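Everything below concerns the one structure shown next.
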Protein chains: 2
Amino acid sequence: MADEDWQRRVRTVWWEIDAQGAAVCLVDQTLLPQQVSYLHLRHEHDVAEAITTLKVRGAPAIGVTAAFGIALGLYRFCNRHRQQEEQITSAKALAHVKEVGALLGSTRPTALNLFWAIARMIDCAEEVARMQATAEQMLQRLSQEAQAIADEDAEACWQMGQYGATLISDGDILLTHCNAGALATAGIGTALAPIYTAHKSGKHIHVYVDETRPVLQGARLTAWELQQEGVPLTLIADNMAGHFMRHGGIRAVFVGADRIAGNGDVANKIGTYSVAVLASVHQIPFYVVAPCATIDLTLASGEQIPIEKRPLDEVTTMRGIVIAPAGVRVANPAFDVTPHQYVTAIITERGIARPNYEETLRQHCRAKNPGKVDA
Amino acid sequence: MADEDWQRRVRTVWWEIDAQGAAVCLVDQTLLPQQVSYLHLRHEHDVAEAITTLKVRGAPAIGVTAAFGIALGLYRFCNRHRQQEEQITSAKALAHVKEVGALLGSTRPTALNLFWAIARMIDCAEEVARMQATAEQMLQRLSQEAQAIADEDAEACWQMGQYGATLISDGDILLTHCNAGALATAGIGTALAPIYTAHKSGKHIHVYVDETRPVLQGARLTAWELQQEGVPLTLIADNMAGHFMRHGGIRAVFVGADRIAGNGDVANKIGTYSVAVLASVHQIPFYVVAPCATIDLTLASGEQIPIEKRPLDEVTTMRGIVIAPAGVRVANPAFDVTPHQYVTAIITERGIARPNYEETLRQHCRAKNPGKVDA
């Protein structure tokens, strides 16, 4: 199971019912690492805003957040009608769940986990509605389902850690881009899970961390996470990766993913493609670590993955400080696509998938339980 | 000659004598683009500090600045002795010139132009000393020599612009890294000279500008320069270069250099190597533009070029704002080395050098006048 030590230090996302009612709770990642500040969100609009503004980010984490957000939406809906002493049919509750799902699904386009979690919650609501249960029963079922999504994510992280750690040897120097750690999931992370697992098992490793402009998830989040866990690291600017691949003895690259097409093409944080090309030229294995919920078998190739364009002031300012001339034209794609040719292996909770990904990813997605495939 | 329009808008470095005496004058590049503020430095220690702290940067510009700095040192020396009504021998003046040269040479280790300019000034002082001239005569000669270095740099920039522009076609999309523009020279730049020349001749070009972490010379200086000159540009984070090489139709990369070894290996701003590798994989020509004063024929390969390590807070802070966890380990090499295999051509004031660089760079360096070789 997920590392309990880690979970005590920082909690990415959870569901809570206190005196004021239900809340989706998050650490505000925009304030890290200077401030560890938890948000208690009590309205689905606030959950949507938290996803859009990157208060919570990371494909698995936004999936879990959206699942809890749907439960929160239904909670508020039931509460409102209870106060008005109205009866609500499960059909009406289902319609509301779909509305909340649409709201949360409109926040960010690239990470599949978001749509996967929303679809799973709606499926669950539809199942309850078909049974003619009450809205309250639907709420109970949906809050359980959201918690199951969170728990399964934590379990998947742990499994990815187990599989991925077999690719890491004592003494290895690794490189990671962006944050695919505990803060990106409900567990110990995707790309960082093998790193944590290897470290805990006593392997001596050192991790180069790309700062990951423009939002600095590497500098702010990954460096902080690794530091907390005592994993030795060196923070570098993104443009230093090639230099340290040539001179720094880097033995493998581990990154997460926001969506993986059926052929193994990987959409991940902007800059991942450059890292993959550089790794290939330096004959360094390039590993992608992501749960099956990130794999989109409906897309034949990565060219079909929608790429989010983020606000331009992410590039022209840094924490409010202007760093570029006024009026300059800027590009800010949040993700890029790494063609499968550059991907040495994809580690999921079901094992280590290697090319031909058309086959192996299907095997991973078909398996019902974690830890059942080693394609 | 150098573009007069541009020179009116911003002056990188010049020598001035006003009511308070002699001054090395600079635009403070650490304040750009928000503030255009000129410094009048009246002590050689201030000149050294300005180079160390990047108030002036860019290999040719720091060479010119050091030349003026030596003239300033001798000016102060002569002045002091004149006030004390002491006679000074040219031998004593020469010793002082060498001291000032050592001070200025200790500021930054990588750019050859710095050492080249200092050596040229000392050679000149030695020549005057051999003629048994007065210290005042030496001062006159050294201030002329420093001005000649500045004027020749401006002329070299113009020539590099002429040669380099032949490599740019109407409609081309280009990419540049760091700032190798007017602000890096006493003229219209090195890597940006062909771009300005092509633009002025009516070619429609568009330039992707890497922001160039950690010091953001791309975002702060290159984007601003191009904007001032009306050259269309798109500012991107460094890690987007690969993505836009794959999807943005980039047709050529132009960068400057801080030192070029005899075999054509190029030391330039950190990140240049990654850009060169990415360009190679995408079959995009990678051009280095630098005057012969940047070519170090004493070094057989780039591995021998000393690489400056800059203060770590350049990476962990941005304009005073902390962007990484406290106590994190950081690497901050200011330059990297691009092996000559990745360099399509090197454009100097003497023409376009292509491999085998062992031969062609020697031809360029041997030629006495600009515009005489087309190797």
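Residue numbers start from 1 in every chain, and the chains themselves are labelled A, B, ... in the order their sequence lines are given, proteins ahead of strands. Nothing here was measured: the structure is a model prediction, and the numbers come from that model.
Heavy atoms closer than 4.5 Å to chain B are found in the side chain of A/P33, but not in its backbone. Both the backbone and the side chain of A/V337 have a heavy atom closer than 4.5 Å to some heavy atom of chain B. For a residue to count as touching a neighbouring chain, one of its non-hydrogen atoms must lie under 4.5 Å from one of that chain's; by this rule A/I270 touches chain B with backbone and side chain alike. Looking at A/N239, both its backbone and its side chain come within 4.5 Å of chain B, counting heavy atoms on both sides. Contacts between A/P232 and chain B at a heavy-atom distance below 4.5 Å are absent for every atom of the residue. In this structure, the portions of B/I323 lying under 4.5 Å from any heavy atom of chain A include both its backbone and its side chain.
When the candidates A/G218, A/P333, A/G327 are compared by the number of heavy-atom contacts under 4.5 Å with chain B, A/P333 comes out ahead. Options A/V275, A/T272, A/T316, A/V328 differ in how many heavy-atom pairs under 4.5 Å they form with chain B, and the most are formed by A/V328. Ranked by non-hydrogen atom pairs under 4.5 Å with chain A, the options B/L235, B/L221, B/L312, B/L233 are led by B/L235. Note on B/R246, B/H177, B/H247, B/M245: by heavy-atom pairs under 4.5 Å with chain A, the leading option is B/R246.
Chain A is approached within less than 4.5 Å, heavy atom to heavy atom, by B/H206, B/E211, B/T212, B/R213, B/P214 from residues 205-215 of chain B, ordered by number. Contacts with chain B (heavy atom to heavy atom, under 4.5 Å) involve these residues of residues 276-283 of chain A, listed by number: A/V277, A/L278, A/V281, A/H282.
Without hydrogens or angle criteria, A/Q227 side chain to B/A326 main chain gives a donor-acceptor distance under 3.5 Å. Not one N or O on the side chain of B/T234 forms a donor-acceptor pair closer than 3.5 Å with the backbone of A/A331.
Open room surrounds CZ on A/R251; 12 or fewer heavy atoms of other groups in view lie less than 6.0 Å from it. For B/H204, the NE2 atom counts as loosely surrounded, since its 6.0 Å shell holds 12 or fewer non-hydrogen atoms of other residues, nucleotides or ligands.
A/R319 and B/V322 make their closest contact through NH1-O, 4.1 Å (heavy atoms, listed as atom of the first residue, atom of the second, distance). In plain terms, the two heavy atoms of B/M240 and A/V315 that are nearest each other are CE-CG2, 4.3 Å.
B/S274 has its side chain out of reach of A/H243: every pair of non-hydrogen atoms, C-beta onward, lies at least 4.5 Å apart.
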